[in-house]
2 protein chains.
Amino acid sequence: MAQRRKVGNILGLALLSLLVPGDALHPYEMARILRHTGKEQDMNIKVGSLYTVVQNLEKHGFIEAVTAERDGRRPERTPYKITPAGRAELTDWLGELVAVPQHEYPRFRAALSILGVLSPDDVVRLLERRLDALDAESAAQRRELDDAGDLPRVFLIEVEYTLAMREAEAAWVRGLLAAIADDSLSGVREWREFHDAGGRPPPEWKEMLDSE
Amino acid sequence: MAQRRKVGNILGLALLSLLVPGDALHPYEMARILRHTGKEQDMNIKVGSLYTVVQNLEKHGFIEAVTAERDGRRPERTPYKITPAGRAELTDWLGELVAVPQHEYPRFRAALSILGVLSPDDVVRLLERRLDALDAESAAQRRELDDAGDLPRVFLIEVEYTLAMREAEAAWVRGLLAAIADDSLSGVREWREFHDAGGRPPPEWKEMLDSE
DNA sequence: AGACGTATATTCGCCTACGAGTATTCGGAG
DNA sequence: CTCCGAATACTCGTAGGCGAATATACGTCT
């Protein structure tokens, strides 16, 4: 998964950001804060991975362990603090994420790309279910935004972003359904034939698909 | 990564779909077809993974090896064909992907959620760069769509979808920039203070962030 | 005919992700 | 006081992802 960055897991970015104020934190507390501040909505957080990521961050000098301490008689804890290299990595990484759109692979896009193996009628039914789910989620999220009305908007941009994207997707799906319904989507007849023929593309498409 | 599905890698879905017509294919040819038909745009395709996925698909009975053959003196090839269980898995999986929106974690959303560590001015600059990149990509993709004008639209839905999403994102970013510029985004002053204070949240926010 | 680049076809091994397990302490209920 | 569940704080093993290596055959330029 890791590529150019020495630490590829996005969790690493969140951890670095937690340490920015300068205080040392031990892994378990990082996990607690992340969960408590709702960061699980923004990224995949698994405790097992968190410890791996902390190790990697240390290995590459982005954080360093403060002398292990013992509080009460709890298991030994090793707190970490961010290094200058860590701060540099944080701003650089974050800057890149904001400025350069990544090519990610939403499962839905993958699914769309092989939609042909289903029949148009099935697809219509499935898309309608998706639409319902999308609308429900949007409504829930809009409520969430209203409830947190006193919190400055800046601290909710990721929610607004997600909401905007979800609504855009819903609109697109609606458009697609409409196009299928009023038959303005070119190729639906061919699609049905394709599907009825057991997924074997008619010969005259072969070249088109090949040449692409 | 794998969860409910016995084979979690989305590549498996694409491979199953290739085998739907009934002909047996060997792994290398699957890879060739996928690359040739532009599926790399829709999902992450690594040859190393492909072989692993093929093995897993076989292990779970979704595909089965046909007697290994030898063509010319090329290295031995083992072609696979889809089983009834494989067809069932394909339609079920695909159906779920279409009907049920997944919670995925776009890096950009994660980045937005910790934007606070950058200064508002930096963020504006970065967002402007993103906007340029988005517009450039959209333009390129629209050209691509025009060029393939004879191909039935059904076979380009994934492209249309991506384009729609990208444009929606661009619109949202534009809106955010405008809101920052005309100061209608609540909390920007606090944001600046927060950043100047070294990322330490002012005490009166603590509760809000905690209670969330 | 030899050399060299490209296409064919797969294997290997490292690293990361992460579920599940382990060990300890604390805060109540009874 | 003691039992027990929840919280604290990690560790470990396994499976999957993927870059890189390997090995053969083919085409073609000289």
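Just so we're on the same page: letters track the sequence lines, and every chain starts at 1.
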Problem set entry | Euclidean distance, atom CD of residue B:Gln55 to atom C1' of D:dG17 [Å, nearest integer] | 13 Å
Exercise. So, is A:Tyr28 close to the D:dC10 phosphate, meaning a side-chain N or O under 4.0 Å from OP1 or OP2?
Worked result: no
Exercise. A:Met43 has an atom CE; how far is it from atom P of C:dC18, in whole Å?
Worked result: 13 Å
For this session: Mind grabbing the angle between the end helix axes of the helix from C:dA1-D:dT30 to C:dG30-D:dC1? Five pairs an end, 10° rounding.
Result: 0°
Exercise. When the distance from NZ of A:Lys46 to C1' of D:dA15 is rounded to whole Å, what number comes out?
Worked result: 15 Å
Seminar exercise, completed: In whole angstroms, the gap separating C1' of C:dA9 from CD1 of B:Ile33 amounts to 15 Å
Problem set entry | Residue list, salt bridge (charged side-chain N to carboxylate O under 4.0 Å, His left out) with B:Glu96, at least two apart or on another chain | B:Arg4, B:Arg5
For this session: Assign each of A:Tyr51 and B:Val47 to its nearest nucleotide of DNA chain D by heavy atoms, then name whichever residue's nucleotide is nearer the 5' end.
Result: A:Tyr51
For this session: For B:Arg77 and C:dT10, give me the distance from atom CZ to atom P, rounded to whole Å.
Result: 8 Å
For this session: May I ask you to evaluate whether B:Asn56 reaches the phosphate of D:dA15, defined as a side-chain N or O under 4.0 Å from OP1 or OP2?
Result: no
Problem set entry | Non-neighbouring partners of A:Glu167 that pass side chain to side chain donor-acceptor pair (under 3.5 Å), sequence neighbours left out | A:Arg142
For this session: Could you check B:Arg32 against A:Ser49 and say which one's nearest nucleotide on DNA chain C is further toward the 5' end?
Result: B:Arg32
Exercise. Could you state the CG-P distance from B:Asn44 to D:dG16, rounded to the nearest angstrom?
Worked result: 17 Å
Exercise. Taking only residues two or more places apart in sequence, or in another chain, which ones meet A:Arg166 in a side chain to side chain donor-acceptor pair (under 3.5 Å)?
Worked result: A:Glu137, A:Gln141
Problem set entry | For B:Glu128, side chain to side chain donor-acceptor pair (under 3.5 Å) partners two or more places apart | none
For this session: Please state how far atom CG in B:Leu50 lies from atom C1' in C:dT8, giving the value in whole angstrom units.
Result: 14 Å
Exercise. Can you list the residues that meet the side chain to side chain donor-acceptor pair (under 3.5 Å) rule with A:Arg87, with sequence neighbours excluded?
Worked result: none
For this session: Give a yes or no on whether the backbone of A:Pro101 and the side-chain of B:Arg107 come within a donor-acceptor separation of less than 3.5 Å.
Result: no
For this session: Report yes if a side-chain nitrogen or oxygen of A:His26 is closer than 4.0 Å to either non-bridging phosphate oxygen (OP1 or OP2) of D:dT8; otherwise report no.
Result: no
Problem set entry | Heavy-atom donor-acceptor pair, B:Ser17 side chain to A:Ile114 backbone, under 3.5 Å | no
Seminar exercise, completed: Whole-Å distance, A:Glu29 CD to D:dA9 P, equals 8 Å
Exercise. Are A:Asn9 and C:dA17 close enough that a side-chain N or O sits under 4.0 Å from OP1 or OP2?
Worked result: yes
